[in-house]
There are 2 protein chains.
Amino acid sequence: MSDIRILHETDLRARIALDLAAIDVVERAFATLAGGGVEMPPILSMHMPDLNGEVDVKTAYVPGLPGFAVKISPGFFDNPAKGLPSTSGLMVVLSTETGRVRAVLLDNGYLTDVRTAAAGGVAARHLAPEGARRATIFGAGLQARMQLQALRLVRPIEDVAIWARDPEKARALAAELSEEGLRVRACADPAEAAAFGEVIVTTTPATEPILRAEWLRPGQHVTAMGSDQPGKGELDPECLARADLYVADRVSQTRTQGELRAALAAGTVQNADGIPELGDVITGRHPGRTAPDQITIADLTGTGVQDTAIATHALSAFD
Amino acid sequence: MSDIRILHETDLRARIALDLAAIDVVERAFATLAGGGVEMPPILSMHMPDLNGEVDVKTAYVPGLPGFAVKISPGFFDNPAKGLPSTSGLMVVLSTETGRVRAVLLDNGYLTDVRTAAAGGVAARHLAPEGARRATIFGAGLQARMQLQALRLVRPIEDVAIWARDPEKARALAAELSEEGLRVRACADPAEAAAFGEVIVTTTPATEPILRAEWLRPGQHVTAMGSDQPGKGELDPECLARADLYVADRVSQTRTQGELRAALAAGTVQNADGIPELGDVITGRHPGRTAPDQITIADLTGTGVQDTAIATHALSAFD
């Protein structure tokens, strides 16, 4: 009837993991983005205030990959009260030869979780101190777990501090992860948590800054991945002024919905000209971190190239 | 494994036709658009010049319908040389309760063809002379057939004139349709064709005007539905000045990719303020045609509300 592949969440979870292969495909996609030839239009975003819901659509064409993805990501924020996750959605993979639908990946957001965490792994691989053993995670949700997992794939993390707005959740996550053989502590004081890690990853939906510039220490790398909407932001705008290097996943996105937005508004960053993107650092167009005592920040808002990368990677696992 | 409904093109063709029910659901969607509460973001459009391809994504939330659609429409213009149609694609229906995917309609563009022709039927129902028996169709492709079919559902059409850039195609279509019991003639002269119909429908991908203002006669209604991209346009910009009434499916779209674009550029329309939309005429907010000798124009670029309307209509046929 059709040669269109329909893959369900359970199929995808069985074959696609957050592993070095996922980090590598996302890294290559960012490198291609820096090299040119990529098409990545602005995100289509529709808000439905009377439903307390929204839907985002992202896409990108990445030359060299055999397909391109269109991802549909709904967020319906009354769902938890109904016993359902807020987010769900799917990815459609279209052929770069004919535009015809090759596959529908009914992943309910799983592949987004993987590619989001994989981007954190890419950022840490290129910007975090080489031998970093201590990590700090802000937040205690799914991405807190997954960002730490990605980090451990690229750095020899042994000790972890966790801070979350709800201390109980931080303690529960610390207990859960300690069972996996890591030393993990929950910190009630965010300043103490921030001081601990050589790498800090912020994974919260915060709308007021949770990481202050005066807490940062020389040599630290910060990945801020929680802000993906114009109303969000995790870093005190002074952090960007304090850092020796600020890297965006995509400047056109971070200036409107990442940490750069508030920094531009506050004037701690004067303008967005010349800000390097993650792909520039991967490809060596920008040197990245050039001294051990530098403070670096990676600002990740989530890009269509990651979706196309993870979707074609997932589909190839079923060929 | 999943309660997501997957429907293929053959399923959809078997149950969903271009009929009065389809015209009615599209009409109601336009009425809701005029009444407020609809969310319809700008079209996401990605061009891939090295592939000679593009993809458009449209969506709209229409209060009162049980779901909303996200439509992915690729156009790959080297496909005909490979024996494939240029366009394909699918619609995804998401729940307005939870945002979760309810259905994937693998229609290869069939539902778009239906809702596009249905909008032509809606425009004719509200703007064409009541007893119109003569129609003129510019173009000889699939929408030429379907727009005529929609027109016959709302007006007692008996005689048809067809003009196409390729006279052979016009003759072939005239012969094909005559067999169905209509009187249909192919016209080599577009002026002669334009003079014939009480209703004129232009259905071409023209990038230079094919209908001249001096050919229009009092009392005619024109539906221009071929232009759906910034580079296209079927009507001489003077047509809009000559008309007593110009109606857009959505002004924000026709000003950038419909007939209004060239008219604004040429100055035959001074500005877009106050231009009525199809929904305004349907709901009576705008009186529409107020005298038999008026010339009216409907400019249809294709809207997300039509996609949500036809997709939820289609899905209801399988409940």
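The shown structure was predicted, so the numbers you read here are calculated from the model rather than taken from an experiment. Order of the sequence lines fixes the chain letters, A, B, ..., with proteins taken first and strands second; residue numbering starts at 1 for each chain. Values reported hereafter were calculated over all heavy atoms of this structure, with side chains retained and with hydrogens, waters and symmetry mates removed.
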Over all atoms of both residues, closest heavy-atom pair of B:Glu97 and A:Lys82: O-NZ, 2.7 Å

Counting only heavy atoms closer than 4.5 Å, note whether A:Asn108 contacts chain B via side chain, backbone, both or neither. side chain

Nearest-0.5 Å distance, CE of residue B:Met48 to OG1 of residue A:Thr96: 9.0 Å

Looking at B:Gly89, B:Gly53, B:Ala60, B:Pro63, which makes the most heavy-atom pairs under 4.5 Å with chain A? B:Ala60

Among B:Thr59, B:Thr98, B:Val101, which residue forms the greatest number of heavy-atom pairs with chain A at distances under 4.5 Å? B:Thr98

Using the rule side chain to side chain contact (heavy atoms under 4.5 Å, CB included), only one of B:Leu90, B:Val70, B:Leu44, B:Val57 pairs with A:Val70; which is it? B:Val57

Side-chain contact, heavy-atom cut-off 4.5 Å: B:Ile6 with A:Leu106? yes

Pairwise side-chain contact, B:Glu39 with A:Pro49, heavy-atom cut-off 4.5 Å (strictly under): yes

Any idea which heavy atoms bring B:Met46 and A:Tyr61 closest together, and the distance? SD-N, 3.6 Å

Taking all atoms of both residues into account, what is the closest heavy-atom pair of B:Gly99 and A:Ser88, and its distance? O-OG, 3.6 Å

Non-hydrogen atoms of chain B under 4.5 Å away: do they reach the side chain of A:Pro42, the backbone, both or neither? backbone

Top of B:Val55, B:Asp50, B:Thr87 for chain A proximity - count of heavy-atom pairs under 4.5 angstrom: B:Asp50

Please indicate whether A:Arg100 has more than 12 foreign heavy atoms, meaning atoms of other residues, nucleotides or ligands, lying under 6.0 Å from its CZ. yes

Contacting moiety of A:Phe77, where chain B heavy atoms sit under 4.5 Å: neither

Tell me, yes or no, whether the heavy-atom count around A:Arg145 atom CZ, taken from other residues, nucleotides or ligands under 6.0 Å, exceeds 12. yes

